[in-house]
Amino acid sequence: MSRKSHSENRQILMTKPLLNYRAVIFDMDGTLYYQLPLRLRMGGKLAAYYLRHPLRYKELLAVKTFREIRERWPEVEHNGSVKHNASVDDGSSAEQASSLDWRQYCQTAEKLSGGVRPEWVKQTVEHWMYQVPLALLPLCQDRQLAGLIRTLRKRHITVIIYSDYPAIEKARALNIEPDYIFSALDADIMCLKPDPKGLSHILSVTGLSPEQALMVGDRYEKDGMAARNAGIDWMILPSNPKKRNKLLKESLRHVRDTHKD
């Protein structure tokens, strides 16, 4: 098979048709549901709430700052600017203080200043990022992927969700029943994509070899690179539903690329 262009290599690298893998690992956010419709709906909720409660604008700033820090986390942590034991005088355990999400809450609180505590950041982020969106997720679900997951289960192909964010409640909201759910916040992972540690841990737990698994996500720089670093094939889904559906149909029939460089 001829070598494809670099741009296509970033989109998909599969050595066999999709249904020939023993396991398919799905990212959650932006993959099992569409990000743009959710963000638009959440934007409406946020605007309506803070128009009624303008004095609580710092909550909105906390969510924005947390998202920025999390997106840049490898860089932030590499630069040594993270306080691993910051402000845990609220009774937090040593285990919590060293966890990935708690360090990010601490970093957010430090950046906001003004006496903001990590526990307050945690409660704010969990409310607006983890709890409120749950009711909206079914409206934004990729129904074709949901159908594909049912097909995979019927064929006894292992279905795995692996997300940088907590995913158990989101899977329930989407009525998806995978065989396994993993998060970057799991004690045995504690790192974000594209670090391959999470995928390597998943392979170890499930007894799979890299060539038996396919990673399906929506961002090459996260999902694709994590798969590449772990020696796993990948498929990066477009945000456009028509293009996404076309790619999924093709992946069921054809091997798109066998070149790994």
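Since the model is a prediction, treat every value here as computed from it, not as a measurement.
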Backbone of I189 reached by a side-chain donor or acceptor of K197 within 3.5 Å: yes
Donor on one side chain, acceptor on other, T15 and D233, under 3.5 Å: yes
Heavy-atom pair of closest approach, residues Y220 and R10: CD1-O, 3.0 Å
Ring centre gap for Y49 and W128 strictly below 6.0 Å: yes
Non-hydrogen atoms of T31 and D218 that approach each other most closely: OG1-N, 3.3 Å
F66 and its side chain to side chain contact (heavy atoms under 4.5 Å, CB included) partner, picked from Q107, E71, M129: M129
Check against side chain to side chain contact (heavy atoms under 4.5 Å, CB included), I161 and F182: CA-CA 6 Å; I161 292 176; F182 295 90; over 6 Å; no
Sidechain-backbone polar pair: T206 side chain, I202 backbone, donor-acceptor under 3.5 Å: yes
Heavy-atom closest pair, residues K170 and Y165: NZ-CB, 4.2 Å
Closest approach of P118 to C106 (non-hydrogen atoms, all atoms of both residues): CG-SG, 3.8 Å
Distance-minimising heavy-atom pair for K58 and L112: NZ-O, 4.1 Å
Candidate pair D179 and R153, rule salt bridge (charged side-chain N to carboxylate O under 4.0 Å, His left out), full reasoning: CA-CA 9 Å; D179 296 288; R153 295 294 303 275; 3.6 Å; yes
Between Q141 and Y34, a side-chain donor and acceptor under 3.5 Å: no
Centroid-centroid under 6.0 Å between Y162 and F26 rings: no
Between E68 and T65, a side-chain donor and acceptor under 3.5 Å: no
